[in-house]
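Single-structure report; data block below.
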There are 2 protein chains.
Amino acid sequence: MTQVRPMRADARRNYERLLTVAAEAFAEHGEGASLDDIAKRAGVGSGTLYRHFPTRRALLEAAYVDRLEGFARRADELARELPPGQALTEWLYELCVGTIQVRGMRTLLGCAVTDGDSTLLTACGTQVRGAAERLVSAAREEGSLRGDVEPVELLRLAHGVAGAAELDGGGGESIRRYLTLLTEGLRG
Amino acid sequence: MTQVRPMRADARRNYERLLTVAAEAFAEHGEGASLDDIAKRAGVGSGTLYRHFPTRRALLEAAYVDRLEGFARRADELARELPPGQALTEWLYELCVGTIQVRGMRTLLGCAVTDGDSTLLTACGTQVRGAAERLVSAAREEGSLRGDVEPVELLRLAHGVAGAAELDGGGGESIRRYLTLLTEGLRG
DNA sequence: TACCATGCGGAGAGAGTCTCCGGTCCGCTA
DNA sequence: TAGCGGACCGGAGACTCTCTCCGCATGGTA
């Protein structure tokens, strides 16, 4: 927005390379992946990495914003394809799968669902929350979702379900199971 | 069990000191607390720390086994004091509170609920799972819990709920809310 | 072509982990 | 209660990772 001057060509190149490598590294080693190693694999000095991304968090966010935005878009797709209740369930499922598969994304999605302090993340957290709101209100209207659940509560519960499923080994079946329990409740 | 020879007095003293300090440090700084710092605060060299506890994990486990065992004992207390359904709910609540309050315990409880590779943890994980089983079967018999929930699933869900509540700020109210949603289900 | 701000890279300080081994001191025996 | 052997100690130091700093290279512009 306030990007007055465009990045120099070499800078832009390095920036992109870092993002690509970082996404791989975080997916592989989790969010603790070595930053110097990422720099090395991207063929740049560590100074360059830290200039573009002052903190580990900044890099993590930048590497995954597009996926986070992807979740938001996916919500609207599902809303078009399925009846509200199913769309919501399916979206939560995909959210959980994504959270587990891409190891570095766990925390990130968690934060996107909290009052963030990062502009970048806040922006796309807002998109995700917006998507959740649309799905939730449609499902409510249909009568398939209880009236008093806040969208953000649902997102946090999904995050929790992903955590639970991860303890199981993180397969899609575990996620489905825990989502079912959550949906239907535990009562006898 | 195969501890033929008792520890020498000074060794035992150091061991105990390390445990005390470690529990404090982990509670305060999370499981990433500096080990050398723990050694220093306990007044021993880092060599001593690593001799007693070869890995961070070993120390973390040793520092919290008693609390984990405490959870198991607490289950039986609650079973005596309250009707089965309530006892279960209350236990899960306390489990979540403990998980959040003692920062280092999060992962630990998670692992206690998975097929562990540590003898120490497996032992007390078994206690916790046993306690969960007793509460679950009582609640089932009473008819307040659906018949197809495995105790271990419940433990993992509780872990997830703690995660969700932590995103909220981790207050007791959040935990209660999420447990309620889980218990009653999300249906409209 | 020449200029210079933008951007680069990697040396190095700082913090943490973990090992190794010379030295200490506990606890047993006479 | 002195003396011995081995269990146990402590901290120096090698290694890894993070992050900063600054002399140097280079893309964009005139």
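Residue numbers begin at 1 in each chain, while the letters A, B, ... track the order of the sequences. What you see is a predicted model; the values in this text were computed from it and never measured.
- The side chain of A:Y50 sits closest to D:dT20 out of C:dC25, C:dC8, D:dT20.
- Atom CG in A:D37 sits roughly 16 Å away from atom C1' in C:dG10 (whole-Å rounding).
- Straight-line distance from the OH atom of B:Y15 to the P atom of D:dC9: 12 Å, rounded to whole Å.
- By the 6.0 Å contact criterion, CD on B:E184 is enclosed, its count of non-hydrogen atoms from other residues, nucleotides or ligands being greater than 12.
- Checking side-chain atoms of B:R177 against main-chain N and O of B:A165 turns up no donor-acceptor pair under 3.5 Å.
- Contact annotation: A:H52 reaches the phosphate of C:dC8 (side-chain N/O to OP1 or OP2, under 4.0 Å).
- Two residues, A:N14 and B:G32, neighbour DNA chain C, and the one matched to the more 5' nucleotide by heavy-atom proximity is A:N14.
- The side chain of A:A9 approaches D:dG27 more closely than any other nucleotide in the set D:dC8, C:dT17, D:dG27.
- Put simply, A:S46 has no side-chain N or O that comes within less than 4.0 Å of OP1 or OP2 on D:dC19.
- For A:T48, counting side-chain heavy atoms from C-beta on, the closest listed nucleotide (D:dT18, C:dT17, C:dG9) is C:dG9.
- Taking only side-chain atoms of A:S34, from C-beta outward, the nucleotide of C:dC18, C:dC26, D:dC17 with the closest atom is D:dC17.
- The separation between A:R17 atom CZ and C:dG7 atom C1' is 15 Å, rounded to whole Å.
- Atom CZ of B:R13 and atom C1' of C:dC25 are 10 Å apart (whole Å).
- For B:R8, the side-chain atoms get nearest to C:dC26 when compared with the rest of C:dC26, C:dG7, D:dC19.
- Atom CG of A:D36 is separated from atom P of C:dG12 by 15 Å (rounded to the nearest Å).
- When the P atom of C:dC8 is taken as reference, atom NZ of A:K40 falls 18 Å away, rounded to whole Å.
- Residue B:E16 places its CD atom among more than 12 non-hydrogen atoms of other residues, nucleotides or ligands, all under 6.0 Å distant.
- For C:dC8, the OP1/OP2 oxygens have a side-chain nitrogen or oxygen of A:R51 closer than 4.0 Å.
- Under the 30°/60° scheme for interplanar angles, the aromatic rings of B:Y15 and B:H52 are found to stand perpendicular.
- Taking atom CG on B:L35 and atom P on D:dC15, their separation rounds to 20 Å, with Å as the unit.
- In this structure, of C:dT17, C:dG7, D:dC9, it is C:dG7 that holds the atom nearest to the side chain of A:D10.
- A:E141 CD: 12 or fewer foreign heavy atoms inside a 6.0 Å radius.
- Distance, B:L49 CG to C:dC20 C1': 16 Å, rounded to whole Å.
- At the heavy-atom level, B:R56 lies under 4.0 Å from the strands shown only through sugar-phosphate atoms.
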